[in-house]
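Scroll down for the structure; my scribbles are underneath it.
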Amino acid sequence: MAKILKKSTLAPQVYEFIVDAPLVAHKCQPGQFVIIRTEEESERIPLTIADFDREQGTITIIVQAVGNTTKHLCETFNENDEILDVVGPLGMPSHIENFGTVVCVGGGIGVAPVYPIARALKEAGNKVISIIGARNKDLIIFEDKMAAISDELIITTDDGTAGQKGFVTDPLKKMLESGNMPGMVLAIGPVIMMKNVAETTRPYKVPTVASLNTIMVDGTGMCGGCRVKVGDDNKFACVDGPEFDAHLVDFANLIQRQQMYKGHESLEYGCGGHCKCVED
Amino acid sequence: MRGGLRNKMPEQAAQVRNKNFDEVALGYLIDTAIDEAERCLNCKNPRCVQGCPVNVDIPDFIQALKEKNLNEAIRILKNKNTLPAVCGRVCPQESQCEKNCILGIKGEPVAIGRLERFVADYARIKGLDINNNSKAEPNGKKVAIVGSGPSGLTAAGDLAKMGYDVTVFEALHAPGGVLMYGIPQFRLPKEIVKHEIDQLKALGVKIVPNVVIGRTFTIDELMNEEGFSAVYIGTGAGLPHFMHIDGENLNGVYSANEFLTRVNLMRAYKFPQVATPVYIGKSVAVVGAGNVAMDAARTSKRLGAETVYIVYRRSEDEMPARKEEIEHAKEEGIELRLLNNPTKIIGDEKGWVKGMECVKMELGEPDASGRRSPVEIKGSEYVLPVDMVVMSIGQGPNPLIKATTPNLETNKRGNINADESGQTSMPGVFAGGDIVTGAATVISAMGAGKKAANAIDEYLSKK
């Protein structure tokens, strides 16, 4: 059982939970994730660790109410409620070193998992340029936190209500075109965004890492549901990842595999499977 | 004394049971059990005991049953076997204790497994097995068990009885390992697993779920920081193998592990009452022919698949599954496609399985395992029209502990090197079951847990 110590709303349908999970907080590193199960009848779902406090024994998770379990968690769990199971930290920690300049790209709630990695990269001596994007101003999260650990913070929105109008790939492209080659680009967000970041950096051969949020059950390498084609190999996102060389990830296969339970979700909600909840 | 044939196991009818998840075998009633017990010759030199990896005193518990002394029967059973209700259901008795039974020479051996199951079930229902164990005084020494499958639970139970302070760490949210996530409800009801685990808790064993050793704690941290004097690693064979053929990442392709975990541990057969979904095709191919493959095939049928194939590259004689499981599968309408080997899985334009190309095989010369090796018949490829594929071709060792325990020696397959007693390359660290041997049976994992418990006791007694 893991008690929710604090719950706050970051954006419409996006919540931050600070959870009492001392065993995870004691050990976790940037880039790792937990699997939670809210109640006896619930699914196990992976959530990236957005922050942690070793002294307090807490971790921060950011949840968007999009699917079955995330909606349930966001709508019915409040401070002092207990999440039935929290297990972790899972996955390989991010590779942190001084690359010189790094660009950290976060899309939507993908900004949350970017944050601890960007912070660690900053602490390792990198110049951190962060690009965070969302559909509109209201959906931008972690702006202050990202500003505090970035040398430069660029915001993009699809509709131009905050920062530059356009996609996160626009300022990235401009930077590369001007000849400012970062040592590494990190991208976390919707699959299509990560794919576009990979395509943007590919011609410049800039090392690019994406953190994949695949379908998972156990998170320990047991089920293989999270398998994804990376280069010529099939990798398990839960134990080999979740971060991979974005230039080698078969994003089309990943997008296809994310559709596996689309029919089930629509069965459950009666939404016909056309709503936003199954797009990502 | 009676020879001849054993008492039949009452079962649900095949065409009824292949639509539900209730247990297939219904168990003996008391009169049948005693009648079967009467067949036992109570041999002076009981060869059955030698066939048992945990050396259950088989004739003794059967004598107690004959005398209707069920208290004594369960005491004798549990003295050697921590999980009798499990073993009575899933042990391959036909190749162990029953294989050695003298009655088997002219007729059928005593149905030892069925009697074991009867005694364990009777004891559970009547509450005879609560704390029905002799337990040594606590000695204050802490032992960590990694993994709560059959091997870990056996080691935990034996060590607790010897007086050790035992903590079992489990990565999943529910203890039991393969007994919970792998073996289906219709072969091993989860209530029974829970009951056996409750018995261990009553012995003082602490079970901590949601802790992944190798991540939450490393083996070195357990030994150096968390105060454990010894560790037993029984993490099993949890890493699913794939064939590395085209199309394995299509939607509708599962590893047997994922498919069975969704249905057994996460109870996806109750979707949408439970939140975990499982996809089920109209026509399903299960690749492989072990017990896990039979479980996956029979589970598919129960979830509504119209046609379910077992696709296997050798012939029926080489199928590694228990005969009983193969018979049950056939009765339930599972079709065997023997001497067939998948060559690729074919998808539709949206990335879903629509067929599996197979090539026909014939048996050639015996290979290293002594089995005749299958050879492709050139040009015999055809497409099996299926919309779901379950890969059930075996499991390897999970790499997490290996990757985070630099001093722990493993072989080239990633299995932990351990001697007969379970001793690994690290002092105080023992290992056994599938993580050492590769995928095998519940009872052999239990046997390894038992040996390791004794070795740990010996090691810690000297310290």
Side-chain angles (χ1 to χ4, degrees), chain A residues 2 21 23-24 26-28 32 34-45 67-69 72 84-92 215-229 233-234 236 239-240 250 252-265 267-268, chain B residues 170-174 178 181-182 208-218 221 235-242 244 248-262 265-268 270-279 347 350-352 391 395-400 403:
Chain A
L23 294 185
V24 181
H26 160 77
K27 203 63 191 292
C28 65
Q32 291 188 300
V34 290
I35 281 188
I36 69 159
R37 194 174 69 124
T38 50
E39 290 176 334
E40 196 53 48
E41 310 295 304
S42 306
E43 273 183 285
R44 294 168 63 94
I45 57 161
N68 161 21
T69 305
H72 180 68
L84 184 58
D85 300 294
V86 175
V87 57
L90 300 171
M92 298 293 284
I215 288 172
M216 277 184 200
V217 183
D218 61 292
T220 64
M222 201 187 80
C223 82
C226 65
R227 65 192 184 276
V228 57
K229 196 128 196 276
D233 297 328
N234 234 354
F236 287 3
V239 287
D240 301 322
D250 183 345
N253 185 235
L254 182 60
I255 290 168
Q256 165 224 307
R257 289 184 60 77
Q258 304 271 36
Q259 304 299 307
M260 181 109 175
Y261 299 101
K262 198 171 172 176
H264 287 83
E265 292 249 344
L267 257 185
E268 217 165 1
Chain B
E170 166 56 45
L172 293 169
H173 57 260
V178 72
Y181 74 74
V208 184
N210 295 323
V211 169
V212 182
I213 301 302
R215 290 275 187 246
T216 319
F217 298 107
T218 62
E221 284 168 338
T235 48
L239 192 79
H241 288 162
F242 288 91
H244 306 292
E248 275 184 310
N249 281 13
L250 289 165
N251 291 357
V253 182
Y254 279 117
S255 71
N257 266 8
E258 181 181 3
F259 179 61
L260 291 172
T261 299
R262 283 179 179 273
L265 178 72
M266 305 309 295
R267 292 171 292 152
K270 291 185 178 170
F271 183 89
Q273 283 79 36
V274 302
T276 304
V278 67
Y279 171 76
K350 287 186 173 165
W352 287 84
M391 285 295 167
Q395 294 94 238
N398 187 296
L400 276 182

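Every chain is numbered from 1 and lettered A, B, ... according to where its sequence line falls, protein lines coming before strand lines.
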#### Entry: Main-chain N/O of Asn253(A) paired to Asn249(B) side chain as donor or acceptor, under 3.5 Å
no
### Contact class of Ile36(A) relative to chain B, heavy atoms under 4.5 angstrom
neither
### Task
Among Pro277(B), Ala174(B), Ala171(B), single out the residue with the greatest number of heavy-atom pairs under 4.5 Å to chain A.
Pro277(B)
### Query
Is it the backbone or the side chain of Val253(B) that comes under 4.5 Å from a heavy atom of chain A, or both, or neither?
both
### Query
Yes or no on side chain to side chain contact (heavy atoms under 4.5 Å, CB included) for Val212(B) and Lys27(A), after CA distance, side-chain angles and deciding distance?
CA-CA 11 Å; Val212(B) 182; Lys27(A) 203 63 191 292; over 6 Å; no
#### Entry: Portion of Gln273(B) that has a non-hydrogen atom of chain A nearer than 4.5 angstrom
backbone
### Qualifying residues under side chain to side chain donor-acceptor pair (under 3.5 Å), relative to Glu248(B), sequence neighbours excluded
none
### Task
Starting from the C-alpha separation in whole Å, work towards a yes-or-no answer on side chain to side chain contact (heavy atoms under 4.5 Å, CB included) for Arg215(B) and Met92(A).
CA-CA 9 Å; Arg215(B) 290 275 187 246; Met92(A) 298 293 284; 3.6 Å; yes
### Message
Less than 4.5 Å to any heavy atom of chain B: does that hold for the side chain of Val217(A), its backbone, both, or neither?
### Response
side chain
### Message
Taking side chain as everything from C-beta outward and backbone as N, CA, C, O, which of these in Thr216(B) sits under 4.5 Å from a heavy atom of chain A? Side chain, backbone, both or neither.
### Response
both
### Asn257(B) side chain to Met222(A) backbone, donor-acceptor under 3.5 Å
yes
### Message
Need one label for Lys350(B): side chain, backbone, both or neither, based on atoms under 4.5 Å from any heavy atom in chain A.
### Response
backbone
#### Entry: Heavy-atom proximity to chain B below 4.5 Å, by part of Leu90(A)
both
### Message
Between Phe217(B) and chain A, with a heavy-atom cut-off of 4.5 Å, which part of the residue counts as in contact: side chain, backbone, both or neither?
### Response
both
#### Entry: Non-neighbouring partners of Asn251(B) that pass side chain to side chain contact (heavy atoms under 4.5 Å, CB included), sequence neighbours left out
Gln256(A), Arg257(A), Gln259(A), Met260(A), Trp352(B)
### Query
Tell me, side chain or backbone of Leu239(B) under 4.5 Å from chain A's heavy atoms, or both, or neither?
both
### Task
Identify the heavy atoms of Tyr261(A) and Tyr279(B) that sit nearest to each other, and give their distance.
CE2-N, 3.8 Å
### Message
At a heavy-atom distance under 4.5 Å, which candidate from Asp85(A), Asn234(A), Val86(A), Val34(A) has the highest pair count against chain B?
### Response
Asp85(A)
### Toward chain B, the part of Val228(A) with a non-hydrogen atom under 4.5 Å
backbone
### Message
Using every non-hydrogen atom in the two residues, find where Pro240(B) and Gly224(A) come nearest and quote the distance to one decimal.
### Response
CG-N, 4.1 Å
### Approximate separation, where rounding is to 0.5 Å, of Met266(B) CE and Glu43(A) CD
7.0 Å
### Query
Just wondering, do Asp218(A) and Leu172(B) contact through their side chains at under 4.5 Å, heavy atoms?
yes
### Query
Hey, does Leu23(A) have a side-chain heavy atom less than 4.5 Å from the side chain of Val211(B)?
yes
### Query
Can you tell if the side chain of His173(B) reaches within under 4.5 Å of the side chain of Val87(A), non-hydrogen atoms only?
no
### Message
Please identify, among Gly219(A), Pro89(A), Gly225(A), the residue contributing the most non-hydrogen atom pairs under 4.5 Å to chain B.
### Response
Pro89(A)
#### Entry: Distance in Å, Phe242(B) CZ paired with Arg227(A) CZ, rounded so as to fall on 0.5 Å steps
3.5 Å
## Note on the structure
d(Asn68(A) CG, Thr276(B) OG1) to nearest 0.5 Å is 8.0 Å
### Message
Quick check for you: among Arg44(A), Glu39(A), Glu40(A), Lys229(A), which has the greatest number of heavy-atom pairs under 4.5 Å with chain B?
### Response
Arg44(A)
### Task
Against chain A, label Thr235(B) side chain, backbone, both or neither, depending on which of its atoms sit under 4.5 Å from a heavy atom there.
neither
